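A short worksheet on the structure shown next.
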Amino acid sequence: MASRYQRITEERLNSLRRLRDRGIDPYPHAYHATHTIAEARAALGQGGDTAGSMSVAGRVVGRRTMGKMAFLDLRDGSGKIQLSLRKDVLGVDGYGLLDDVDIGDFVGAEGKLFVTRSGELSLEVSGLAVLCKSLHPLPEKWHGLADVEKRYRRRYLDLISNESTRDVFVLRSRTVSAIRSFLDKQGFVEVETPVLQPHAGGAPARPFVTHHHALGQDLYLRIALELHLKRLVIGGFDRVYEIGRTFRNEGISVRHNPEFTLLECYQGYADYHNMMSLVEKMLADVARQVLGTTELDWNGTTIDLSLPWHRLTLREAIESYSGVDFEDFPDTGSLRSRMLDMGLEVEPGKERGRLIDELLSTFVEPRLIQPTFLMDYPVEMSPLAKRKRGNDRLTERFEGFVGGMEVANAFSELNDPLEQRERFRQQSGSGVGDDEADIADEDFLEAMEYGMPPTGGLGMGVDRMVMLLAGQQSIREVILFPALKTKTGPED
RNA sequence: GGGCCGUUAGCUCAGCUGGCAGAGCACCUGACUUUUAAUCAGGGUGUCACUGGUUCGAAUCCAGUACGGCCUACCA
């Protein structure tokens, strides 16, 4: 604490002291601004008569003094405006306050609008109030804050000094709103289900474990929304969705954050074909609402989200990009030796489904830049999906890819409770689930025994969707406070 | 977990084969009543990430540690 205090620039503390000596509270409780800065700017646009006095409030982001007159740049959440301060208007005392106003401080200003000789809309200030004294200098005005680690750890500084960062998160907010409004219009009901669960199911991922003291019981942070939402379909919510944080105790990368936002929605009486068109329509609709177009710039290439997406089966895709037709290798051993022949490093213990997944992520996924659905995944990769009509070895499942990333995963949901029980059993027996995530959720199976209508289910990574719309290559650029290791040392 | 790269002033960055720690912005002092990357004159404010080693001498070379970035691994 003491060291932190010592780092504060002596001049800022002196300003603070001088303000108090003058009887000015540097941290007042409130300020009534009559206009936001954007409203103030618009006020001049109409009519031109700006005789009325108005007030605005914001952070000082620029300061140009020239003796008996000065300009401050003021910014609030809506925009930026220049304040003009003159000694002959404010008086010696009022103008003297400027000595103790630094870049970074919050001020409120009252005055009348006018346009300077050089055409800049400004507020001729008749009254200035300090609203908060800042004790640290802001990052430099031209380059902003560039150090990636500092940008994430002190996102507030990133937001203050880099407008583009702010734009990304405004876009994120609009994206989530657009998803909601799209689904709401389609008759989906939004719900919230538990984050803390006795079993973490719905996906083969390692969960975070926590402990409930009063219950004396370990709980898991959810890794998917699936099993609870299906319970709600069983309960009569034919169209239901949730947008929520999920947690996976796995590696961190440009596409993976330990906590991320997942959209899942379920539609009774629908199958995976219906979900495909839902995904297509939703992305096109969201892009139009957020960007005004279905064309995205992704790493220099243009991605077109207009309908329809390219469709091919997983088998076709893997065969055309890797040369392997997995139907020719019906068991783990044969597929494994084929992959070894290709010079791939294959970890022992991977089942056939995992091997196919590896072919997919190595050869196919990076190539799927334009929106593409891969359909019909093998049963062993998809324990919650219904078998494909006409082919027992496959399921009616698809994944959607855009920009070389998986952004959607959906299927005709398995609703045969006896088969579901059997699939869970095979899954846990195969060593895939282990005890890390107790997939065999007995409570869920019992619910399914009461009967779930035929249902299409869909999951989409919201962070990745935002990455696409914002043209960002790293998930950390679309998460305000991405996961970072705690920094230890003299800093604190 | 493995590999490569990075960490120098509040911020953005230079600093060569080892020889007194640098620039711009910010900040401080002074001038300036229409500036807007204001301008002009002056001022360097530093645990060179941390710890150890080599050396007469280390920001620089070596080793380890921390944190970060990219790749990889893990991961529907």
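Letters A, B, ... mirror the listed sequences (proteins, then strands); counts begin at 1. As the structure is a computational prediction, the values presented were derived from the model and not from experiment.
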Side chain of [X], base of [N]: donor and acceptor closer than 3.5 Å?
{"X": "A:Arg397", "N": "B:A76", "result": "yes"}
{"X": "A:Asp357", "N": "B:A76", "result": "no"}
{"X": "A:Ser84", "N": "B:U34", "result": "no"}
{"X": "A:Glu120", "N": "B:U35", "result": "no"}
{"X": "A:Arg117", "N": "B:U33", "result": "no"}

With rounding to whole Å, what would you report as the distance between [N] and [M] at their [atom1] atoms?
{"N": "B:U39", "M": "B:G24", "atom1": "P", "answer": "13 Å"}
{"N": "B:C70", "M": "B:G64", "atom1": "C1'", "answer": "23 Å"}
{"N": "B:A38", "M": "B:C32", "atom1": "C1'", "answer": "11 Å"}
{"N": "B:U45", "M": "B:G53", "atom1": "C1'", "answer": "32 Å"}
{"N": "B:U60", "M": "B:G52", "atom1": "P", "answer": "14 Å"}
{"N": "B:A63", "M": "B:G19", "atom1": "C1'", "answer": "24 Å"}
{"N": "B:U7", "M": "B:C40", "atom1": "P", "answer": "32 Å"}
{"N": "B:A14", "M": "B:G6", "atom1": "P", "answer": "11 Å"}

Choosing from [options], which nucleotide comes nearest the side chain of [X]?
{"X": "A:Glu149", "options": "B:U34, B:C71, B:G68", "answer": "B:G68"}
{"X": "A:Ile103", "options": "B:C75, B:A26, B:U34", "answer": "B:A26"}
{"X": "A:Met66", "options": "B:G69, B:A76, B:U35", "answer": "B:U35"}
{"X": "A:Lys141", "options": "B:A26, B:U35, B:A76", "answer": "B:A26"}
{"X": "A:Met69", "options": "B:G69, B:U33, B:U35", "answer": "B:U33"}
{"X": "A:Glu399", "options": "B:C70, B:A76, B:C28", "answer": "B:A76"}
{"X": "A:His256", "options": "B:G69, B:C28, B:C75", "answer": "B:C75"}
{"X": "A:Arg153", "options": "B:C32, B:C70, B:C67", "answer": "B:C67"}
{"X": "A:Val148", "options": "B:A26, B:G69, B:C70", "answer": "B:G69"}

So, is [X] near the phosphate of [N], with a side-chain N or O under 4.0 Å from OP1 or OP2?
{"X": "A:Arg63", "N": "B:A38", "answer": "no"}
{"X": "A:Arg64", "N": "B:A38", "answer": "yes"}
{"X": "A:Arg12", "N": "B:A26", "answer": "no"}

Ion pair check, [X] and [Y], cut-off under 4.0 Å:
{"X": "A:Arg476", "Y": "A:Glu149", "value": "no"}
{"X": "A:Asp376", "Y": "A:Arg315", "value": "no"}
{"X": "A:Lys386", "Y": "A:Glu413", "value": "no"}

Watson-Crick or G-U wobble partner of [N], both distances under 3.5 Å:
{"N": "B:U17", "value": "none"}
{"N": "B:C25", "value": "B:G10"}
{"N": "B:A73", "value": "none"}
{"N": "B:G52", "value": "B:C62"}

Keeping to residues at least two apart or across chains, list the salt bridge (Lys or Arg N to Asp or Glu O under 4.0 Å) pairs with something in residues 357-374 of chain A. A:Lys350-A:Glu358
For the ring pair A:Phe398 and A:Phe373, is the centre-to-centre distance below 6.0 Å? yes
Indicate yes or no for a side-chain donor-acceptor contact from A:Asn415 to the backbone of A:Met452 under 3.5 Å, with no hydrogens or angles considered. yes
Distances for protein N or O near nucleotides 8-11 of chain B N or O, under 3.5 Å:
| from | atom 1 | to | atom 2 | distance (Å) |
| --- | --- | --- | --- | --- |
| B:C11 | OP1 | A:Lys150 | NZ | 3.3 |
| B:C11 | O2' | A:Glu140 | N | 3.3 |
| B:C11 | O2' | A:Gly144 | O | 3.0 |

Nearest-Å distance for atom pair [atom1]/[atom2], residues [X] and [N]:
{"X": "A:Glu10", "N": "B:C27", "atom1": "CD", "atom2": "P", "answer": "17 Å"}
{"X": "A:Ile252", "N": "B:C74", "atom1": "CD1", "atom2": "C1'", "answer": "12 Å"}
{"X": "A:Tyr152", "N": "B:G69", "atom1": "OH", "atom2": "C1'", "answer": "9 Å"}

With a non-hydrogen cut-off below 4.0 angstrom, is [X] in contact with a base, only sugar-phosphate, or nothing?
{"X": "A:Ser382", "answer": "nothing"}
{"X": "A:Gly251", "answer": "base"}
{"X": "A:Leu360", "answer": "nothing"}

Just checking, A:Arg397 and A:Tyr377: is the charged tip under 6.0 Å from the six-membered ring centre and within 45° of the axis? yes
Answer yes if the side chains of A:Thr193 and A:Glu242 hold a donor-acceptor pair under 3.5 Å, and no otherwise. yes
Is it the case that A:Tyr152 and A:Asp147 place a side-chain donor and acceptor less than 3.5 Å from each other? no
Which residue lies toward the 5' end of RNA chain B, A:Arg464 or A:Lys68, if each is placed at its nearest nucleotide? A:Lys68
Which residue lies toward the 5' end of RNA chain B, A:Glu406 or A:Lys485, if each is placed at its nearest nucleotide? A:Lys485
Which residue, A:Glu380, A:Glu396, A:Glu419, A:Glu422, forms the salt bridge (Lys or Arg N to Asp or Glu O under 4.0 Å) with A:Arg387? A:Glu419
